Amino acid sequence: MSNSISQYWVRLFIKLIFSISHLATQDLMETQEEVKEEGVGYVVMRNLFSRETDFKMRTVKKSRETSLRESAERLALSRKKEEFQKKMNPDSLTHPPEFIVKPCGQTVWEGKSVTLHCTVAGWPKPRVSWYKNNVLIDAKAHPEKYFTESQYNMHSLEIKNCSFSDTAGYRISALNVKGESSAFAPVIIKRRRCTCTRSPFIPALRGGVRMAKHARQLSLACLVNTRSTTIIDKFDVSFGREGETMSLGCTVIVYPTVKRYQPEIVWYRNGVILSPSKWVHMHWSGEQATLTLVHLNKEDEGLYTLRVNTKSGFDTHSAYVFVRDADVEEEGVPVAPLDVRCHDANKDYVVVTWKQPAVEGSSSIIGYFIDRLEVGTHHWTQCNDTLVKYARFPITGLTEGRSYTFRVRALNNFGVSRPSRASDPVVAMDPSDRARLRAGPSAPWTGMIKFTEEDPTVGVVPGPPTDLAVTEATKSYVVLSWKPPIQRGHEGVMYYVEKCLVGTETWQRVNTGMPGKSPRFALFDLAEGKSYSFRVRSCNSAGVGEPSEETGATTVGDRLDLPSVPGPVIPIRNTDTSVVVCWGASKEVKNLVGYYIEVSVNGSGVWVPCNNKPVKGTRFVCHGLSTGDKCVFRVKAVNAAGYSGSSAESEACIVQSVYFMLSNFGKETIKKTFNICDSFFPRCAPALSTILSLTSTKPFFRFTLYVQYLLSCPSAAVPRPPTGVTLLERVRDYMVLSWQAPAKTGGADIRGYYLDYRTVKDGVTSKWHEINLQTVTGTSYKVTDLKENIFYQFQVRAVNRAGISESSIPTVPLECKEWTVAVPGPPHGLRVQEVRKDSMVLLWEPPMFSGRSPVTGYYVDYKEENGRWRCVQERSTKNTYMKLTGLQEGVSYRLRIHAKNVAGVGGPSKKTDAILAETRPGTNEIVVDVNDDGVISLIFECSDLKEDSQFVWSKNYKAFTDTSRLTVQTSGGKSRAIFNDPSLEDLGIYSCVVTNTDGVSASYTLTEEVIPFKSEMAIELQEKGRVRLWAEVAKFTSNCQVEYVFNDNIIHEGKKYTMNFNKTTGIIEMFMDSLEVTDEGTFTFNLVDGKATGRISLVLIGEEFAELQKKSEFERAEWVRRQGTLSLHCPHFVEYLSFKVTPECDVHLKCKVGNIKPATEIAWFKDGIEIEEDDEDAKKIKKSDEISKKDAGVYEVKLKDERGKDKTLLNLTDAGRMLNEVFRVIANSSTELKVMSTEHGIILYSFVVHYIEDLRIGWLHKESKISHSDRVQCGVTGEQLWLKINEPTEKDKGKYAIDIFNGQGSVKRVLDLSGQGKSSGVPAQATLQYFYRARVVGGLPDVVTIQEGKSLNLTGNVWGDPVPEVSWVKKDKALLSDDHYTLKFEHGKFASITIAAVKTIDSGKYALLVKNKYGTEAAEFTVSVYIPEDEGEKRDDPPKNCPLL
């Protein structure tokens, strides 16, 4: 009986244990991102219980209904996760275009340029188009107007030289195979109102030259803060052959040269950043940047770009690299495929893709063989016996956990090609496991395991898979994919795939021998043209589950068609060895890979590929051609299904530069081409010679337009050349030029201008190139697409109906870069109005170039006719107008403007014409009028009014457009501006200009004193300490009322205040019997007289208030004394009680007494409580650590003897004044920041004379507040303020500052830890040691336990600059590499130790020591060797060398 009971409890206990472990595992598995595969549950449990962390487990009993509900909720959550992952998986699913950043509407002035930007996401990458009012914009057909750019999913449209007709709604449309999305942006072009007859963009030649000179001087002065880069010895278009090694290199000059400063060198291929690899090597010597391509392959073909980044900018150089095929082993066989890649890898399945080669050989390619190689072996295995026709194939039968590489060979009727370059290795494993490995190790799990007592899952048959779908279908294979079942227990599941021929009900199992492990499966050997349905079953050790839902009918056949033939091919001459080829895109194509371009010498019949890697655009520059050859071109498209047919051959094109073609035009050819007579040819000849001096792809186009224009115009003289070409603005890639129109126009209107440029390098100039094909109508132009740090010269030609003028004088060489001086350019549009005998008003427009920072102000210069330039004001003005006063009547003045920003003052503007300071007869001023109803109006009269003259009112010299606030009434020669509802918004300068007159204008400044005051508000101290505030009003009515305000609060007459408004004299008064602490602030008199208002204030705060209060108290005490209450023979205070903070941070309360004797009693009080004589801390607050807000109160000192008494008070109720003074002393006593190194990092510190808790302290890094963490901490130790940084990195370099509150502002102490030089007494060498010292950054455990006889291998990650020296020690004794110890240090990062066949004597304490010139560090660990129990029992005697003997 007892045995049966024991067995029953044992079985119950085992069942409970299995139920707990199984349900706990199931709950853990369901919380993962994807359902785990076979054995994952056991791995979770193994990791859970093997960690050295405690966890709590408790039993929660649940009903079956609760468990089912929770399971349903988990199922819904898992489906949402799957949908999200499905959306985020770019390898398998696509998504429609989506605008991440939409273009913003803009409003600009006419003549400016505007750029619309947006960012579009989508897969496949969407194609974008720009529309104006739903009409497609063709930027290539109108390059002078539009410029579009698309890079890295960012798209932009630039509209150049905007006119009023460009006002429209602009739309960008993004389209891919999943759909279309659009975004809209309105663009509004505003026209300027200009009252002057000359263009404001024409600066004086002399001023412009001076500005350029000033810019060069400041540029040299600022070189210490900027670095310019120049790329020389550039690599050109290069040609290589497969198997060869190619190097691309450039010499990079960085100026100025700074020791240890190196620019960032980045290499790109087709816009993608390159990283060092087996095939790509990069080297930077300090001057030479080199990229080496080892064992060239066709994948290496493309546009290579070198980008040099500095803190001040960047420079780039690009050139194309062509890779030719290696010679084939047999004549007629195809060349190797390229770009082999692996996708959708799973446990035993992967999809391999590749691109077809450019050359198919003597016959078309009929298929491909795929080979695989297991990493670590040397034998390639062919994956398919049947030829694959698509450039995509699923590989099955892989071994889980192993890595593979793949290659592809092409086959035609003549043989097999060489294999392609092998793909990158791919691991056959579950995608969820791969994601978990990429994410790194997770933290130990602690928590609660929940389970129910019902339905144990051990031995549960898995449920049906879900979401079964056909992802690929060709006539060679069909690929299925599905989701693992939700119910499957903690065992891994495998799958059986079944097929059924449509029309029958017979299901056949496809993989009868071995079930598949991956939720992917490829079916081969299906009957082409037949339709099948498919379903999948899950299985495990418990059995085979129910089938999934079957797929729809799938017909075996190719779903992807071949691309259609590309459109017409147009070759365009380019250089002596290249031709630009354009073609029409294939209209019917899916999943386009790209295009191949072929060239043939006309009549030879031999076609040679121009590119060996497909290009996706519809334009390509074919290099490597022979000069003078007459070539034809054709194009074919390619996708995964194969090649399209070749396009029609292009017209024959001679390989020759455009310039050579045009320069060989003879007189007869030109006459015949344009059908012009001999008499007309001399007028064309100058233009031909001009255009032949230019080098571009379209000089012939300009000459054609010019000749056609001449043929339609009557005879006229050509204009004189423009003058004064000056630089208004320059940035990294563009410059803005301005010039003056020709003095003589040749008897015809100037129709526009042509601009030319040429580069200048080391004094050597290139040929002139044209900038614009369409004429520029204004006298300024923005030259774009320039290269940074290159010097350019510019010239301008004017055009009228008679022809093109000679060129202007070329500018001095101008460097294209942001104005390194960082100061703004010259203002423009200067005009003068309101000229009087002693004043005038100057107005101007801001500069087009504002410098490195916004314009902060302007300086106005003036000079007499033969005098020198002098500045009008000491401080700059932010306005774009200024009234000049103090002029001498009858003297002529010239004016000019300088703009300034934080960097400095820019060059001068063009000076004005001479202006005579005089007040012309009949000149009137604007007058203000306030009627009896209080209505305010401004009146201006003009006696010199013309028939079409108008009164134009403005506020602050800007056109007044808000008619709701001002009503203008004009009658005859009188105009009245009436304020509808006067308020503070109406304050400002109001001016009126009469048009079509000789400068008739005036202005009036409207302030709050619409009711004018004769004097400012004043304060005076009267007898008995009484305070009087008063002001006098100039003009008012009997209805005028006064409102008395203190600190925005209305006050009334009472015990404290006495008020009076004498309407006879206009004097307003307010009296206070005494001045208390609460009276500190702003006193205001507000006047209201109908609609008119007036306001006058007096600010009484700070030291001024304290001094007045002190005087008021003293005057009151003196008055009391004079009344006899106190006699001069009595004890009294000469100086009242005050406080003082000493440099040692002691706070003293002090006062000065007079006429005392030994019997005089002196008593101290705080808040009415007397302080004992021995309580010295109250009289002299010794150290500031005792000072805090608890010391606030009213301190009092009393004098008393038989003659009389006196007292003085000091109100420190808020303690703020005293503490602020203490803070000031502490902040000013702080020492400069210093730094010291510790075992764990660095400490920045500063000492103060003392520290109190109320003192506010902040730490800054690169002007940003430092966030505290476990690695970065700050604190106070005694009088030391410190910041501790553990394990500093490169990101921790830069400027540090401590910000100490000083009562009003703050005191900063700065330390530069950038390593660039000395800062605050810290040498750069000392700074570097904190960041570059040798360290062991990870990899080594604390304790290692290993069985005797095994081999131990440990690797530590080492860091330091320079590379540290590495050594290993055991029990403080250095180890050397021998048969027992193998010590390695690889790549300057990984130090490893291997102990072969460990023994018990190998147990002990080890350390990895790293050392460089900046420091030393040791990483210690312990090795414990144990003997297995079975072997220990066999050993009767301990070994001779046993340490226990």
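Numbers for residues simply follow the sequence, beginning at 1. For clarity, every value in this text was computed on a predicted model and none was experimentally measured.
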Inset, instruction - Might you work through the side-chain contact (heavy atoms from CB on, under 4.5 Å) test for Val1410 and Glu1365, ending with a clear yes or no? - result: CA-CA 6 Å; Val1410 292; Glu1365 300 175 2; over 6 Å; no
Legend entry - Ionic contact status for Lys355 with Asp339, cut-off 4.0 Å: yes
Legend entry - Criterion salt bridge (charged side-chain N to carboxylate O under 4.0 Å, His left out) on Arg520 and Asp348, from CA distance to verdict: CA-CA 9 Å; Arg520 304 284 189 276; Asp348 58 356; over 6 Å; no
Legend entry - Heavy-atom side-chain contact between Thr1355 and Asn1353 under 4.5 Å: yes
Inset, instruction - Would you confirm whether Thr551, through its side chain, and Phe534, through its main-chain N or O, come within 3.5 Å as a donor-acceptor pair? - result: yes
Legend entry - Donor-acceptor pair, side chain of Asn346 and main chain of Tyr349, under 3.5 angstrom: no
Legend entry - Distance in Å, Lys1399 NZ paired with Ile1427 CD1, rounded so as to fall on 0.5 Å steps: 12.0 Å
Inset, instruction - Name all residues meeting the salt bridge (Lys or Arg N to Asp or Glu O under 4.0 Å) criterion together with Asp1402; count only those two or more places apart in sequence or in a different chain, and write none if there are none. - result: none
Legend entry - Partner residues of Arg372 under the salt bridge (Lys or Arg N to Asp or Glu O under 4.0 Å) criterion, sequence neighbours left out: none
Legend entry - Student check: side-chain heavy atoms of Thr471 and Leu480 closer than 4.5 Å: no
Inset, instruction - Examine distances only and state if a side-chain atom of Asn611 and a backbone atom of Tyr595 form a donor-acceptor pair shorter than 3.5 Å. - result: yes
Inset, instruction - Apply ring pair (Phe, Tyr, Trp, His ring centres under 6.0 Å) to Tyr320 and list each qualifying residue two or more places apart in sequence or on a separate chain. - result: Phe322, Phe620
Legend entry - Candidate pair His1380 and Ile1395, rule side-chain contact (heavy atoms from CB on, under 4.5 Å), full reasoning: CA-CA 6 Å; His1380 190 55; Ile1395 307 176; 3.4 Å; yes
Inset, instruction - First locate atom OG1 of Thr1394, then atom NZ of Lys1384, and finally report the distance between them rounded to the nearest 0.5 Å. - result: 6.5 Å
Inset, instruction - Return the minimal non-hydrogen interatomic distance between Ala1396 and Ser1351, and the atom names on each side. - result: CA-OG, 3.8 Å
Inset, instruction - Quick one: closest heavy-atom pair of Tyr368 and Gln356, and the distance? - result: OH-CG, 3.0 Å
Inset, instruction - Assign the ring pair Phe393 / Tyr477 to parallel, tilted or perpendicular, where the plane angle (0 to 90°) is split at 30° and 60°. - result: perpendicular
Inset, instruction - Could you go through the ring pair (Phe, Tyr, Trp, His ring centres under 6.0 Å) check for Tyr495 and Trp482 one step at a time? - result: CA-CA 10 Å; Tyr495 306 96; Trp482 59 89; 5.3 Å; yes
Inset, instruction - Kindly say whether Val544 contributes a backbone atom to a donor-acceptor pair with the side chain of Tyr496 at under 3.5 angstrom? - result: no
Inset, instruction - Check the surroundings of atom NZ in Lys1370: do more than 12 heavy atoms from other residues, nucleotides or ligands lie under 6.0 Å from it? - result: yes
Legend entry - Neighbour count >12 (heavy atoms, 6.0 Å) for atom CD, Glu1386: yes
Legend entry - Lys636 to Tyr643, cation-pi by 6.0 Å centre distance and 45° axis angle: yes
Legend entry - Greater than 12 external heavy atoms within 6.0 Å of Asp1379's CG: no
Inset, instruction - Take Phe521 and Val510 through the side-chain contact (heavy atoms from CB on, under 4.5 Å) test and state the conclusion after the steps. - result: CA-CA 10 Å; Phe521 193 83; Val510 178; 3.9 Å; yes
Inset, instruction - Determine, for Arg269 against Glu301, whether the closest basic-nitrogen to carboxylate-oxygen distance falls under 4.0 angstrom. - result: no
Inset, instruction - Kindly indicate, with the supporting measurements, whether the criterion salt bridge (charged side-chain N to carboxylate O under 4.0 Å, His left out) is fulfilled by Arg421 and Glu242. - result: CA-CA 10 Å; Arg421 174 185 282 181; Glu242 283 187 308; over 6 Å; no
Inset, instruction - Check whether any side-chain heavy atom of Val321 sits under 4.5 Å from a side-chain heavy atom of Asp300, and report yes or no. - result: no
Legend entry - Residue pair Thr1400 / Glu1348, side-chain heavy-atom distance below 4.5 Å: yes
Inset, instruction - Mark yes or no for whether Ser420, through its side chain, and Val408, through its backbone, hold a donor-acceptor pair below 3.5 Å. - result: yes
Legend entry - Nearest atoms (heavy-atom pairs only) where Ser247 meets Thr290: CB-CG2, 4.3 Å
Inset, instruction - Check whether any side-chain heavy atom of Lys613 sits under 4.5 Å from a side-chain heavy atom of Asn270, and report yes or no. - result: yes
Legend entry - Which residues share a ring pair (Phe, Tyr, Trp, His ring centres under 6.0 Å) with Tyr1406, sequence neighbours left out: Phe1421
Legend entry - For Arg324, all residues meeting salt bridge (Lys or Arg N to Asp or Glu O under 4.0 Å), sequence neighbours excluded: none
Inset, instruction - Return yes if some donor-acceptor pair links the side-chain N/O of Asn384 with the main-chain N/O of Ile370 below 3.5 Å, else return no. - result: yes
Legend entry - Partner of Asn412 by side chain to side chain contact (heavy atoms under 4.5 Å, CB included), out of Ser417, Ser363, Ser364: Ser363
Legend entry - Residue pair Val478 / Phe524, side-chain heavy-atom distance below 4.5 Å: no
Legend entry - Separation of Leu1340 CG from Leu1408 CG (nearest 0.5 Å): 6.0 Å
Inset, instruction - List the atom of Ala637, the atom of Leu592, and the distance in Å for their closest heavy-atom pair. - result: CB-CD1, 4.0 Å
Legend entry - Min side-chain heavy-atom separation Val359-Tyr596 under 4.5 Å: no
Inset, instruction - Start with the C-alpha gap between Phe369 and Leu411, add the side-chain angles, then the distance that decides, and say whether side-chain contact (heavy atoms from CB on, under 4.5 Å) holds. - result: CA-CA 8 Å; Phe369 288 116; Leu411 175 71; 4.0 Å; yes
Legend entry - Pairwise distance NZ(Lys517) to OG1(Thr399) - rounded to 0.5 angstrom: 8.0 Å
Legend entry - Nearest-0.5 Å distance that lies between atom CH2 in Trp354 and atom CZ in Arg407: 14.0 Å
Inset, instruction - Heavy atoms only: give me the nearest Pro614-Gly594 pair and the separation to one decimal. - result: CB-CA, 3.8 Å
Inset, instruction - Under the salt bridge (Lys or Arg N to Asp or Glu O under 4.0 Å) rule, collect the residues that match up with Asp327, sequence neighbours excluded. - result: Arg241
Inset, instruction - Would you mind telling me which of Leu398, Val426, Val375 makes a side chain to side chain contact (heavy atoms under 4.5 Å, CB included) with Ser403? - result: Val375
Inset, instruction - Decide, yes or no, whether a salt bridge links Glu498 with Arg537 under the criterion of side-chain N to carboxylate O below 4.0 Å. - result: yes
Inset, instruction - Might you point out which heavy atoms bring Pro462 and Pro485 nearest each other, and give the distance in Å? - result: CB-CG, 4.3 Å
Legend entry - Validation row: Ile1393, Leu1375 side chains within 4.5 angstrom (heavy atoms): yes
Legend entry - Distance, nearest 0.5 Å, that separates CE of Met246 from OG1 of Thr292: 11.0 Å
Legend entry - Side-chain (Thr305) to main-chain (Tyr268) donor-acceptor, under 3.5 angstrom: no
Inset, instruction - Answer yes or no: are there more than 12 heavy-atom neighbours, outside Glu329 itself, under 6.0 Å from its atom CD? - result: no
